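Keep in mind it's a predicted model, so treat the numbers as computed, not measured. Note on naming: letters A, B, ... go to the chains in the order of the sequence lines (proteins, then strands), and numbering restarts at 1 for each one.
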2 protein chains.
Amino acid sequence: MSLKTASRVLNGEPNVATATRERVQDAAASLGFRRNAVAADLARGGLSRLVGFITGDLANEFYSALASGIERELREHGLQLLTASSDEDPEREASLTGELIERRVGALIVTPAGADHSALRGEIAAGLPVVVVDRPAAGMDADTVVIDNRGGTRAAVAHLLAHGHRRIAFVGDEPHLWTYQERSDEFLAALREAGVADAERWVRSGAHDAAAARDLVLELLAAPEPPTAILAANNRATVGTLQALRDTPGGDQVAVVGFDDFELADLLGITVVAYDAVEMGRRAAELAVARSADPDRTVEQVVLPTRVVPRGSGERPPR
Amino acid sequence: MSLKTASRVLNGEPNVATATRERVQDAAASLGFRRNAVAADLARGGLSRLVGFITGDLANEFYSALASGIERELREHGLQLLTASSDEDPEREASLTGELIERRVGALIVTPAGADHSALRGEIAAGLPVVVVDRPAAGMDADTVVIDNRGGTRAAVAHLLAHGHRRIAFVGDEPHLWTYQERSDEFLAALREAGVADAERWVRSGAHDAAAARDLVLELLAAPEPPTAILAANNRATVGTLQALRDTPGGDQVAVVGFDDFELADLLGITVVAYDAVEMGRRAAELAVARSADPDRTVEQVVLPTRVVPRGSGERPPR
DNA sequence: CTGTTAGCGCTTTCAA
DNA sequence: TTGAAAGCGCTAACAG
């Protein structure tokens with residue numbers, strides 16, 4: 001029989017006699033035959049059934065939640081996930097982008113590390129479906145999934161204000177990150193609207209890991225007029241803040257709200273601004289699939305909601 | 001000029017005149033040319049520069065730590081990571097294995113879900129480098145990376161015994177898991193050697209998630225003769241145990257040692273049996289690469305050490 | 001329902 | 001140093 005007939009059977013195409021079909025299947029099974037998806041994709045015109053995901057650090061629970069959501073959604077569409085970590089390094093990000101494109105991924109999902117997205121822009125222009133997650137890529141017309149950073153920050157500050165706080169500190173990541181910008185901006189705006197003078201003095205940056213956050217908070221607490229409440233602007237900042245409070249006499253009096261939920265927040269009684277990272281990934285994958293199917297659809301900007309989950313630490317009154 | 005010359009330049013092969021080389025590079029740049037890794041791999045004889053990783057659940061921090069270690073090591077060898085989640089379902093695992101093989105991965109790294117590894121065995125026989133992580137696959141001659149479950153358990157029990165405990169409970173995952181077997185076996189052995197009668201009565205299973213663990217521990221604590229110490233046999237069991245202790249009067253008197261370290265264990269003062277999951281992944285990738293290079297090397301069984309990290313919860317004396 | 005022919009974009013001989 | 005030809009394993013288009 002011909003090659004083509006076998007191909008038809010193996011691809012589940014119609015128009016094959018049942019007898020022939022069975023013959024092929026038997027042969028394939030007994031020979032341990034496996035179709036070659038690489039060759040198939042090539043013949044079909046280049047694109048593979050792979051979707052690339054370029055992320056800061058797979059070991060970070062936020063990114064792995066994203067990856068999990070992405071993978072789950074892709075699976076529904078018969079697509080596979082190709083992961084690469086940029087270590088938040090823009091240069092690595094660019095080279096990984098190149099590698100994935102050479103692998104002919106059908107789409108790319110990225111949490112952009114740097115500010116320069118010229119590489120990505122070119123690919124989009126060349127027709128590659130690109131979805132940007134967590135942080136929009138400035139000046140790029142790409143599908144985007146972010147959370148409502150401003151709304152979440154606003155709600156957190158309102159929560160603390162409602163509990164009587166005025167001296168509220170903000171402990172954030174690196175200032176060049178978009179999420180930092182959004183959150184700190186909104187923090188300042190909310191404080192000013194509440195009539196807090198000199199709001200800037202309460203903002204700290206550089207809490208890229210727990211240790212750095214801890215130091216920042218220790219410093220804040222040692223000042224002549226320490227804050228009565230702290231908004232920790234990401235999960236690592238929250239950990240560092242908690243460490244600092246533990247190590248400071250009276251630290252358990254200070255109110256804390258953390259941005260990003262985490263598994264043990266419940267156990268620790270930490271009030272947080274929560275959102276669904278797995279869902280973020282799922283939505284991103286959905287957009288990637290949609291754009292692959294229809295390159296001309298209008299660009300979509302998905303903003304996922306956040307909510308304040310009160311668990312005790314954010315409801316302490318000011319000392 | 002010929003196709004081949006261009007190919008040589010793009011692959012950095014020697015024997016090209018500098019002038020020609022430059023001409024090709026300019027052309028490639030101005031045309032936005034990208035080589036097609038899919039076609040290249042096909043022409044080169046089938047195998048792609050991809051390594052597959054089949055894991056239980058990417059969102060679980062243990063697996064994502066593995067993935068991170070794997071990815072980092074593969075990168076060193078110019079390989080890319082293709083991830084797939086089995087949801088701990090043996091059937092899904094088998095079908096994913098098939099998909100990855102059709103994608104012509106150069107090697108496969110697996111945390112086997114079920115007990116039946118016939119599919120994998122066939123692939124190994126067919127020459128596919130397979131590395132098994134976290135749990136050995138019974139009856140298979142595959143490279144393996146596991147931690148010293150027995151040693152870790154033994155050390156944890158010794159730690160609790162040394163602090164005067166005799167009524168020590170074991171809260172573990174599903175009994176069919178290899179890690180459960182190892183840990184519970186060794187737990188029983190250690191208890192018996194210490195002269196604890198009727199050791200089996202202290203063993204509980206089914207703590208596959210925190211909620212289940214919590215219920216198990218609540219039950220233990222409500223018994224007429226409650227344990228004075230608990231060995232939580234995985235990270236979710238630890239969380240559930242802590243929840244149960246929080247919700248039980250006097251629960252803060254009960255000693256706890258958790259298997260698996262976690263970020264907030266330090267903050268919570270939880271004594272744990274720790275090991276390096278990222279390193280596990282790295283070693284697995286290393287083995288995968290080594291076997292790809294030399295299919296005939298002897299099968300290697302890597303056992304990574306564990307260590308007890310005392311942080312307070314495991315040092316409480318019996319009530 | 002089945003087969004033939006021509007590629008997909010690259011690499012690998014081997015020859016010039 | 002360069003090039004021509006063959007083919008990796010498959011599919012798409014068209015015949016039979």
Please give, in whole Å, the distance from [N] [atom2] to [X] [atom1]?
X         : N       : atom1 : atom2 : value
Asn36(A)  : dC10(C) : CG    : P     : 17 Å
Arg44(A)  : dG9(D)  : CZ    : P     : 17 Å
Arg103(B) : dC10(D) : CZ    : P     : 13 Å
Leu42(A)  : dC8(D)  : CG    : P     : 13 Å
Asn11(B)  : dT1(D)  : CG    : P     : 17 Å
Leu31(A)  : dG9(D)  : CG    : P     : 14 Å
Ile101(B) : dG9(D)  : CD1   : C1'   : 17 Å
Leu47(A)  : dT11(D) : CG    : P     : 16 Å

Would you say Glu91(B) has more than 12 foreign heavy atoms packed within less than 6.0 Å of its CD? no

How about CG on Asp141(A), more than 12 heavy atoms from neighbouring residues, nucleotides or ligands closer than 6.0 Å, or not?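 Counting other residues, nucleotides and ligands, CG of Asp141(A) stays at 12 neighbours or fewer.
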
Out of [options], which has the shortest distance to the side chain of [X]?
X        : options                  : value
Phe33(A) : dT2(D), dT2(C), dC10(D)  : dC10(D)
Ala43(A) : dC10(D), dT11(C), dT2(C) : dC10(D)
Ala39(A) : dT2(D), dC10(D), dT11(C) : dC10(D)

Starting at the 5' end of DNA chain D and moving along, which residue's nearest nucleotide shows up first, Arg8(B) or Ala40(A)? Arg8(B)

Using a strict cut-off of less than 4.0 Å between a Lys/Arg side-chain nitrogen and an Asp/Glu carboxylate oxygen, indicate whether [X] and [Y] qualify as a salt bridge.
X         : Y         : result
Glu102(B) : Arg49(A)  : no
Glu88(A)  : Arg135(A) : yes
Arg236(B) : Asp173(B) : yes

side-chain N/O Ser7(A) vs dG9(D) OP1/OP2, d < 4.0 Å: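 Looking at the OP1 and OP2 atoms of dG9(D), neither is under 4.0 Å from any side-chain N or O of Ser7(A).
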
OP1 or OP2 of dC1(C) versus the side-chain N and O atoms of Thr5(A): is any pair under 4.0 Å?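 For dC1(C), neither OP1 nor OP2 has a side-chain N or O of Thr5(A) closer than 4.0 Å.
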
So what does Arg35(A) touch, heavy atoms closer than 4.0 Å: a base, only the sugar-phosphate, or nothing? sugar-phosphate

When we call it a touch if two heavy atoms are under 4.0 Å apart, what does Asp41(A) touch: a base, just sugar-phosphate, or nothing?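 Since no nucleic acid heavy atom lies under 4.0 Å of Asp41(A), the category is nothing.
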
